[in-house]
Amino acid sequence: MDKELGLKKRVATLTLDDGRQIELPMMSGTLGPDVIDINALSKLGVFTYDPAFFSTASCTSKITFIDGDAGLLYYRGFPIEQLAQGGDFLEVCYLLLEGELPTAEKLMAFKHKVTMHTMVHDQLMKFFNGFRRDAHPMAVMVGVVGALSAFYHESMDINNPDDRDLACMRLLGKVPTIAAMAYKYHIGQPFMYPQNNLTYVENFLHMMFAVPSEEYVPNPILVKALERIFILHADHEQNASTSTVRLAGSSGANPYACMASGIAALWGPAHGGANEAALNMLEEIGDIAHVAQFVQDVKDKKRLLMGFGHRVYKNMDPRASVMRDTCYEVLKEQGLENDKLFKLAMELEQIALSDPYFIERKLYPNVDFYSGIVLRALGIPTNMFTVIFAVGRTIGWVAQWNEMMTESNRKIGRPRQLYIGADRRDYISTDKR
Ligand code: SDX
């Protein structure tokens, strides 16, 4: 593997308590911590033990780099702050998928390809009717994106690069359409068809907020804000939902089923569901006068400060800073500079960033802390926040899945365990129990 990766080869020596020793290869990447390849450990009949993977690298990847201590995030080497300023989400999608920034000509061709896949099969609409109108939109997303795997049988050979590329385009094109349909179904309005003359984000806002009875023109400031939000959410190396997509993909499952598994994992409040939970938390606190008591409840372990903390970032999440600036721009555009929740969020951030409890635990605002306030200001309802996250993250899931599928030594992911259950024992018939 080292030759293939062109990585420097070094060795870590492990000595067990019975005196046995093993030399394990160490590897350095382009950036970030070195790794120890523990594959040979199984020869000694021992496993490593790392629940929740605090110290485990599951793969090599060239897509995204995070430095949690320095608060850095690079997509294919480009800092997130620069890409967010550039503000072209499909350009970032091309970068994440292909590895380089596109020429103007290649970007135009890519945008056309994605646009040509934004409509969904008419039969797909029938899946919505099985849901209650008050179903959480994330439940609809898991179901309907997963249902895409019931279509396209003629082009589902995951070992064929053309089929994989087609699946990537279909997912990039259709997930926003399905997301907007989930919202329309929830509020009882008719589905709006994609409009090929609109940009990706204009089209999404049109499908979300237009109605057949009148013209809808997306506000350019709001389009720019949502473009930036999608860029900030596009990828984040081996987070829980991306790792889920990779594990599902390692079995050879089709890409649509893999993305549905990623959506399911994203839904949890510890992950992508945090933006919805953070806004609900701010609404529950309600007033700056209640902040002190809430912070005390957090210190007493009665509550979590949603939108704070991160497994990797032990410094400010660089996305949170961009999101805070975007928040202010959108609120200003909407005439909501004095938005109560925004002021409450900034007060909460200030208190948390100066309080030893949070400082000791290196708890900083993450991408989800401000995103809820921006999304609410864009007119998106709280229960759609994680759906928006899923729309932005689809490119990350697709790019990481595709990267894994091109690996020559690809194997099914199959972790082991430390068994702490009952020792061998014989069956006891019912009358003797
Ligand atoms: C995302 O992985 C990714 O990259 C994810 C993501 C992406 O783009 O894909 O960045 C998106 O999911 C961002 C995270 C969104 N989640 C939240 O905002 C939910 C609130 N945060 C926590 O649930 C927590 O911070 C996690 C889950 C994000 C991280 O938890 P860890 O790494 O397992 O850390 P931990 O739970 O062991 O916490 C360490 C300490 C504990 O206190 P002690 O036991 O040491 O006394 O910090 C405390 C925790 O109790 N702590 C918090 C806290 N987060 C951690 N205390 C209060 N509020 C919090 N939010």
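As a basis for the values below, the full set of heavy atoms in this structure was taken, side chains included, without hydrogen atoms, waters or symmetry mates. Note that ligands are numbered from 1 as they come in the structure, with each ligand's atoms numbered from 1 the same way.
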Could you check whether [X] pairs with [Y] (Lys NZ or Arg NE/NH1/NH2 to Asp/Glu carboxylate O, under 4.0 Å)?
X	Y	value
D69	K362	no
E329	K224	yes
R164	D157	no
K343	D287	no
R303	E284	yes
K106	E98	no

For ligand 1, is any non-hydrogen atom under 4.0 Å from [X]'s backbone (N, CA, C, O), its side chain (CB onward), both, or neither?
X	value
P269	backbone
L304	both
L363	side chain

Report yes if some N/O of [X] lies less than 3.5 Å from some N/O of ligand 1; otherwise report no.
X	answer
A270	yes
M306	no
H236	yes
R361	yes
D317	no
N366	yes

Could you name the option among [options] that has the heavy atom nearest to [atom]?
atom	options	result
atom 7 (C) of ligand 1	R393, M281, H233, Q238	R393
atom 3 (C) of ligand 1	H310, K301, R311, E237	H310
atom 17 (C) of ligand 1	G268, A274, A320	A274
atom 24 (C) of ligand 1	F358, Y313, Y364, F308	F308

| message | When you measure from the side chain of H186 to the backbone of R133, do you find a donor-acceptor pair of N or O atoms at a distance under 3.5 Å? | response |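 At least one qualifying donor-acceptor pair exists.
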
[X] neighbourhood, listing ligand 1 atoms whose heavy-atom distance to it stays under 4.0 Å:
X	result
L305	57 (C), 58 (N), 59 (C), 60 (N)
V298	57 (C)
G307	17 (C), 18 (O)

Considering only protein heavy atoms, determine whether one is less than 4.0 Å from [atom].
atom	result
atom 26 (C) of ligand 1	no
atom 35 (P) of ligand 1	no
atom 1 (C) of ligand 1	yes

In the protein, what heavy atom is nearest to [atom], and what distance, to one decimal place, separates them?
atom	value
atom 13 (C) of ligand 1	D368 OD2, 3.4 Å
atom 37 (O) of ligand 1	F54 CZ, 4.3 Å
atom 28 (C) of ligand 1	G309 O, 3.8 Å

| F78 six-ring centre to R76 NZ/CZ under 6.0 Å and within 45° of normal |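 Checked: cation-pi criterion not met.
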
| message | Students often mix this up, so state it plainly: with edges at 30° and 60°, are the rings of F151 and F127 parallel, tilted or perpendicular? | response | perpendicular

